[in-house]
There are 2 protein chains.
Amino acid sequence: MATNIRDVAKAAGVSVATVSKVLNGYTTVNANTKEKVLALVKEMQFRPNQAARALVGRRSMTIGIFLTTGLAHPFFTKILGGMEQALKDKGYDLIYLAQLSRNKEYSFVRHCQSRNVEGVVVFGFQHDDMDFGELMESGIPTLFIDLDMQQGRAGFISSDNEEAIGKAVAYVAGLNHRKIAFLSGMRHSYTGRLRLDGYRAGLKKAGIPYRDDYVVDGDFTKEEGYRLMKELLANPDRPTAVVCGSDLEAIGAIEAIREAGLSVPEDISVVGFDDIEIAAHVSPPLTTVRQDMATIGRRAIELVDGLINDGTMPPPAEIVPTTLVVRESCAPAKEQ
Amino acid sequence: MATNIRDVAKAAGVSVATVSKVLNGYTTVNANTKEKVLALVKEMQFRPNQAARALVGRRSMTIGIFLTTGLAHPFFTKILGGMEQALKDKGYDLIYLAQLSRNKEYSFVRHCQSRNVEGVVVFGFQHDDMDFGELMESGIPTLFIDLDMQQGRAGFISSDNEEAIGKAVAYVAGLNHRKIAFLSGMRHSYTGRLRLDGYRAGLKKAGIPYRDDYVVDGDFTKEEGYRLMKELLANPDRPTAVVCGSDLEAIGAIEAIREAGLSVPEDISVVGFDDIEIAAHVSPPLTTVRQDMATIGRRAIELVDGLINDGTMPPPAEIVPTTLVVRESCAPAKEQ
DNA sequence: TTGAAAGCGCTAACAC
DNA sequence: GTGTTAGCGCTTTCAA
């Protein structure tokens, strides 16, 4: 068995209560006692048993993570990477609540409670994927990534999708393109909706009228990008630039464009979204909008932590700026 | 507060001991009682508090994960994806022990103990990155991924690196290449060593003598691939094929080859390693060796679970087969 | 077949 | 400033 608080107390010649007090930063402890205890704690490598701590109702120092996509979602890695340092700084461990999806009728909230998680980060869900009512009512501090849930102790964080697409449109418009299509993704999702808004806003700003036939909607995959681009290419009034909802879609679109005997960016300019690792390596290197996933991950943890520690903190709605990464998939429009 | 065992006991008109027994599958419970309790458990959505369970010394149903690379390692995602189902099947939750690296003198073993983890999966370490002695002695069931640790309650799992590179060499040799270089990665690591062995074995099988000047050693990055390829290109007796230790290295190598005014695969054939997502999308699409990370992840969990539940289970050393994925980065050698 | 009670390691009154 | 003690929710003897 590992060292416990009693061992430390015995070694220090004090009571367990005293050890507990120094461990929890109570100020009513004599400086010498405190020092002695701290020295012993270090020497004996004592770490309080988290289960016991959690049990007595104090902090479990555990944040749960809840995903649809499964652990293998490509962004998720980057988000995790961003969470890492914040987790360390705040002293949390992250627990992946795996049992969840096995059993739809098994309440997620119960799982959280049985694990004593102090807060939860949710990623990969759309509004209608699930009824979050129980979670909201549970009062468990919750942070949604890319989903605008904001009520009770739940807030969210997301890239500035609208501004991002607006920027992409402005960029190609600045290259004198007037026939700018939007190969969107999941138009009815939170992010999809905002991106469509951004597209319209971008067009408006550039003085370009919106056309329904320049908007096609997919699911962010390469295959879908390919298919949708074919549709756009079939348009008698072919667009000269296409802004995509994901890099994968953009790559699929490029494939379709080439198959049609056209080239990127000479004939059609393409803008991606996400700046996944591939983006810089495909040909031509993709001009795309970079989402700052690391910041999103880090802030997600910082925000749940805020929710956990400050009962009065209003549920956050944080928007993270994006960056347009200009590479080689866009060129000035040919004279028209 | 969430429902607890006492609530259930009260509702069922039995003692908490009885509820506990049905929950833990004791057979000494009356069938009717059992049924009633089970119904209530379901109805009340009762889940035993894991902290309390862990505290009384029973199972915590928690597996810890320990990484150097940080959460953002590209493979780690795939490994996690593979772990997912096994985790669900066995009923574990996965906890990322984040605090670790913050504080080198803070023992990892203590962290595990304080979290009551039943087993640990370790990924991303080389032998000399760390002293695993304490972990080994602790008796905590441990599974290393890609590191040949095997003693006490610790075993490992890894791709068949030697066979993999052997296969790659055989493939290009089959394309009539005789000047086959090996742009390796971390030659002194466990995997690096085996891959070098595989390279030599592959050459031998093909009847090609080994040459020291055809082996360069890097760190798996694209930049390193670029740099090392330059070295190989400077060789007066330039290789016509190069087998790489990672896809990223291969991509860097291709860049260097092109910069030298040569083309892939016409002048030089290139084989990657890993089959990361990019591999299929670069130009030319990369012929590479695919590691079955999903299987590695799944088996890792199954194996720790075995170690946890069967005290007599010998520490595993599982080797997972790889697949050669042929795309377009290799061509028959020109006549020599 | 069931229940009473001790105790896992810790924290937080409360008493001294 | 420090110690005593109850109790967090559960499992597990042990007795009934």
Side-chain angles (χ1 to χ4, degrees), chain A residues 1-38 40-41 44-62 91 93 109-118, chain B residues 1-38 40-41 44-62 91 110-118:
Chain A
M1 219 54 221
T3 325
N4 65 26
I5 198 172
R6 244 176 302 122
D7 301 330
V8 178
K10 204 172 295 170
V14 298
S15 75
V16 296
T18 302
V19 176
S20 174
K21 279 169 196 158
V22 346
L23 252 27
N24 290 285
Y26 282 59
T27 49
T28 66
V29 184
N30 177 289
N32 292 330
T33 318
K34 184 174 168 183
E35 212 168 309
K36 192 198 297 174
V37 170
L38 250 18
L40 255 346
V41 164
M44 304 173 78
Q45 286 244 40
F46 169 66
R47 288 283 140 182
N49 182 313
Q50 288 297 343
R53 274 196 154 165
L55 188 56
V56 27
R58 234 161 158 308
R59 312 209 37 193
S60 71
M61 296 314 286
T62 309
D93 288 325
V109 171
R110 301 296 169 163
H111 196 158
C112 290
Q113 289 167 338
S114 89
R115 284 288 181 183
N116 297 84
V117 307
E118 297 191 48
Chain B
M1 218 55 218
T3 325
N4 65 24
I5 198 172
R6 241 175 305 123
D7 301 331
V8 178
K10 204 172 296 172
V14 298
S15 73
V16 295
T18 302
V19 176
S20 175
K21 280 168 195 159
V22 346
L23 252 26
N24 291 286
Y26 282 58
T27 50
T28 66
V29 183
N30 176 288
N32 292 330
T33 317
K34 183 174 169 181
E35 211 167 312
K36 192 198 297 174
V37 170
L38 250 19
L40 255 345
V41 164
M44 304 172 79
Q45 287 242 43
F46 169 66
R47 289 282 141 182
N49 181 312
Q50 289 297 344
R53 273 196 155 166
L55 188 57
V56 348
R58 238 164 153 304
R59 313 209 35 192
S60 71
M61 297 314 287
T62 309
R110 301 296 168 161
H111 197 157
C112 290
Q113 288 168 339
S114 89
R115 284 288 182 182
N116 298 86
V117 307
E118 297 191 49

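Labels below follow one simple rule: chain letters A, B, ... track the order of the sequence lines, proteins then strands, and each chain is numbered from 1. Computed from a predicted model, the values in this text were never measured in an experiment.
The side chain of R6(A) contributes an N or O atom lying less than 4.0 Å from OP1 or OP2 of dG9(C). Phosphate contact (OP1/OP2 of dG9(D), side-chain N/O of N49(B), threshold under 4.0 Å): absent. The side chain of R53(A) contributes an N or O atom lying less than 4.0 Å from OP1 or OP2 of dT11(C). The side chain of N24(B) places an N or O atom within less than 4.0 Å of a non-bridging phosphate oxygen (OP1 or OP2) of dT11(D). Between T18(B) and dT2(C) there is no side-chain polar atom (N or O) within less than 4.0 angstrom of OP1 or OP2.
Separating the CG atom of L23(B) from the P atom of dC10(D) is a distance of 8 Å, rounded to the nearest angstrom. The interatomic distance linking K34(B) (NZ) with dT1(C) (C1') rounds to 14 Å, in whole Å. Protein atom NZ of K36(B) is 12 Å distant from nucleotide atom C1' of dT2(C), rounded to whole Å. Put simply, CG on N4(A) is 13 Å from C1' on dG7(C), counting in whole angstrom units. Atoms NZ (K10(B)) and P (dG9(D)) sit 12 Å apart, rounded to a whole Å. Remark: P of dG9(D) and CD of Q113(A) are 12 Å apart, rounded to the nearest angstrom. In this entry the distance linking CZ of R59(B) with P of dC10(D) reads 18 Å, nearest Å. Atom CD in E35(B) sits roughly 14 Å away from atom P in dT1(C) (whole-Å rounding).
The residue among L55(B) and S15(B) whose nearest nucleotide of DNA chain C lies closer to the 5′ end is S15(B). Projected onto DNA chain D by closest heavy-atom contact, A17(A) and I5(B) fall at different nucleotides, the more 5' of which corresponds to A17(A).
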When the side chains of residues 7-25 of chain B are checked against the rest of the protein, which donor-acceptor pairs come out under 3.5 Å, sequence neighbours left out?
residue : atom : partner : partner atom : Å
D7(B)   : OD2  : N4(B)   : N            : 2.9
S15(B)  : OG   : A17(B)  : N            : 3.3
S15(B)  : OG   : T18(B)  : N            : 3.2
S15(B)  : OG   : T18(B)  : OG1          : 3.2
S20(B)  : OG   : N24(B)  : ND2          : 3.4
N24(B)  : ND2  : S20(B)  : O            : 2.7

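Among dG3(D), dT11(D), dA4(C), the nucleotide with an atom closest to any side-chain atom of V56(B) is dT11(D).
No side-chain heavy atom of N116(B) sits under 4.5 Å from any side-chain heavy atom of Q50(B).
Within residues 25-33 of chain A, the residues that place at least one heavy atom under 4.0 Å from DNA chain D are, in residue-number order, T28(A), V29(A), N30(A), T33(A).
Between atom CZ of residue R110(B) and atom CZ of residue R47(A) there is a gap of 10.0 Å, rounded to the nearest 0.5 Å.
When the local axes at the two ends of the helix from dT1(C)-dA16(D) to dC16(C)-dG1(D) are compared, using 5 base pairs at each end, they differ in direction by 40° after rounding to 10°.
Using a 3.5 Å distance cut-off with no hydrogens or angles, the side chains of S60(A) and R115(A) do not pair a donor with an acceptor. For the 3.5 Å distance criterion, the side chains of S114(A) and R53(B) fail to qualify, holding no donor opposite an acceptor.
Remark: R59(A) pairs with E118(A) by the salt bridge (charged side-chain N to carboxylate O under 4.0 Å, His left out) rule, at least two apart or across chains.
Closest approach of N32(B) and N30(B) over heavy atoms only: N-OD1, 2.6 Å.
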I'd like a list of close polar pairs between nucleotides 14-16 of chain C and the protein, N/O only, cut-off under 3.5 Å.
none

